[in-house]
**Q** 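One structure coming up, written as structure tokens, with questions to follow.
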Amino acid sequence: MNKMLDVNNIEFFEKVETPFWFYDMDLLRATVGKVVSLAGRYGIDVHYAVKANEEKRILEYISSMGLGADCVSGNEVIHARDCGFPADRIVFAGVGKSDREIADALKAGASFNCESLQEIFIVNAMASRLGIRAKVSVRINPGVDAHTHRYITTGTYENKFGISDYEFAPLVDLLGRCSCIDFTGLHFHVGSQITDVEEVFSLVCTRVNSIVEWFEKRGLEVRNINLGGGLGVDYEDPDGQPIADFETWFGTVSGKIRRRAGQSLHLEPGRSIVAQCGTLVSRVLFVKVGETKNFLILDAGMNDLIRPALYGAYHRIENLSARLRPNLPQSQVYDVVGPVCESSDVWGAGRFLPLSVRGDLMAIRSAGAYGQSMSSRYNLRDLAPAVYSDDMHGARLRTEYFQE
Ligand SMILES: Cc1ncc(COP(=O)(O)O)c(C=O)c1O
């Protein structure tokens, strides 16, 4: 059971200032443990996609378990180093790296996933000026549809990511002329929240096999084959399968990618590692009876977790306080909304919940990935703090203003 649902914890949360991010560290450990053991079994090198959640404590744990870090900004590279990832386990990816970021990452000893010929040219020139050799993999756009939301699909020709087929020959030529680049391999990432894992990754692997063969025939040794991240999680039923189906993912790619001796296979999961261990805990500020709807107005908003407003993403919502009361049916229908001055600040429309009242604690589940890391101070709201299951009692307690 997710620690957040433990009745003793809920009683404690009643005293804590909301909103806050609750992280179930046992679930994180169980998830990472599973990843490490499957990675060993299938011979896969795993880098965690830092963008999903860059909380220091989470990164420190993940680095201590030997995973590498997939970073997409200069600051993420530096942060990963500060959280214990060795430089040779840090990869700097991203479609738009600034000169400063490239220089910092070169000096830090990170390797690169480059996304355009122009970028490779610049990385080579800057490495030459710094007297450093850059380890570079090249991201390819494989033209594969990940069957996911159009905002998180990245591997079709409509997307800005990677190098297209028509640039393959010029790429071979360019790499031959880059004296400060050690070419390490090819990188692919077709999208996020992929649920048709076998189908999508089988397609990806077929494409990747033929692309790798194409480059090797032209004399480029592809030592690393990196298939990116993308494994989906169950947002509807976070407690049904709290650890995502890494078995199917690892098994599919390991079975379908042709690997010759000396070639390594890499994956970069983000969401599937951290989504289910995180919950955004909020409180009902007001219950508003509208003309046609009843609203629960929470103290957490789209600035905390933007996924519903940005992608129309679904998050399960639970009334935690109602678990402490005699069982009431989930028979009330509410539009659950946030306090931000935007009509898109909606957690869920027409949600069935038990009768809910001002002050009730509400859990917005599966919020560990692309939640806290994407939060902002829009409306000048405070950033919600993190509370960890390992030392909850460090949480900031709430002040009672109403009954002073
Ligand atoms: C290149 C790359 N690798 C890995 C990831 C992580 O994906 P996910 O969180 O779906 O596992 C992303 C996410 O956008 C990405 O762009």
**Q** Over 60° means perpendicular and under 30° means parallel, so tell me whether Phe168 and Phe215 are parallel, tilted or perpendicular.
**A**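 It falls in the tilted class, 30° to 60°.
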**Q** I'd like to know if Glu198 pairs up with Lys256 as an ion pair, taking the criterion as any Lys NZ or Arg NE/NH1/NH2 lying under 4.0 Å from an Asp or Glu carboxylate oxygen.
**A**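 Salt bridge flag = no for Lys256 with Glu198.
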**Q** Any carboxylate oxygen within less than 4.0 angstrom of a Lys/Arg side-chain nitrogen, looking at Arg89 and Asp45?
**A**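 The answer is yes: the pair qualifies as a salt bridge.
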**Q** Answer yes or no: is there a donor N or O on one side and an acceptor on the other, between the side chain of Glu216 and the main chain of Val222, under 3.5 Å?
**A**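 Such a contact is found between Glu216 side chain and Val222 backbone.
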**Q** My understanding is that only one of Arg323, Arg325, Arg283 makes a salt bridge (charged side-chain N to carboxylate O under 4.0 Å, His left out) with Asp360; could you say which?
**A** Arg325
**Q** Extract all donor-acceptor atom pairs below 3.5 Å that involve side chains of residues 364-372 and protein atoms in other chains or at least two apart in sequence.
**A**
residue	atom	partner	partner atom	Å
Arg365	NH1	Asp239	OD2	3.2
Arg365	NH1	Glu318	OE1	3.3
Arg365	NH1	Glu318	OE2	3.2
Arg365	NH2	Asp239	OD1	2.9
Ser366	OG	Gln276	OE1	2.7
Gln372	OE1	Tyr23	OH	2.6
Gln372	NE2	Glu55	OE2	3.3

**Q** Looking only at heavy atoms, which two atoms of Cys180 and Ile132 are closest? And how far apart?
**A** CB-O, 3.9 Å
**Q** So does Asp88 pair up with Lys135, basic N to acidic O under 4.0 Å?
**A** no
**Q** Using a strict threshold of under 4.0 Å (side-chain N to carboxylate O), is an ion pair present between Arg29 and Asp26?
**A** yes
**Q** Within 45° of the axis and under 6.0 Å from the centre of the six-membered ring of Trp347, does NZ or CZ of Arg351 qualify?
**A** no
**Q** A cation-pi test, strictly: NZ or CZ of Lys97 under 6.0 Å from the centre of the six-membered ring of Phe92 and no more than 45 degrees from its axis. Yes or no?
**A**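 Output yes; distance and angle both within limits.
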**Q** Check the angle between the aromatic planes of His393 and Phe12 and answer parallel, tilted or perpendicular using the 30° and 60° thresholds.
**A**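 His393 and Phe12: tilted rings.
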**Q** Before accepting this row, confirm whether a basic side-chain N of the pair Asp299/Arg398 lies closer than 4.0 Å to the acidic partner's carboxylate O.
**A**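 A salt bridge is absent here (no side-chain N lies under 4.0 Å from a carboxylate O).
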**Q** If you measure from NZ on Lys34 to CG on Asp245, what distance do you get to the nearest 0.5 Å?
**A** 8.5 Å
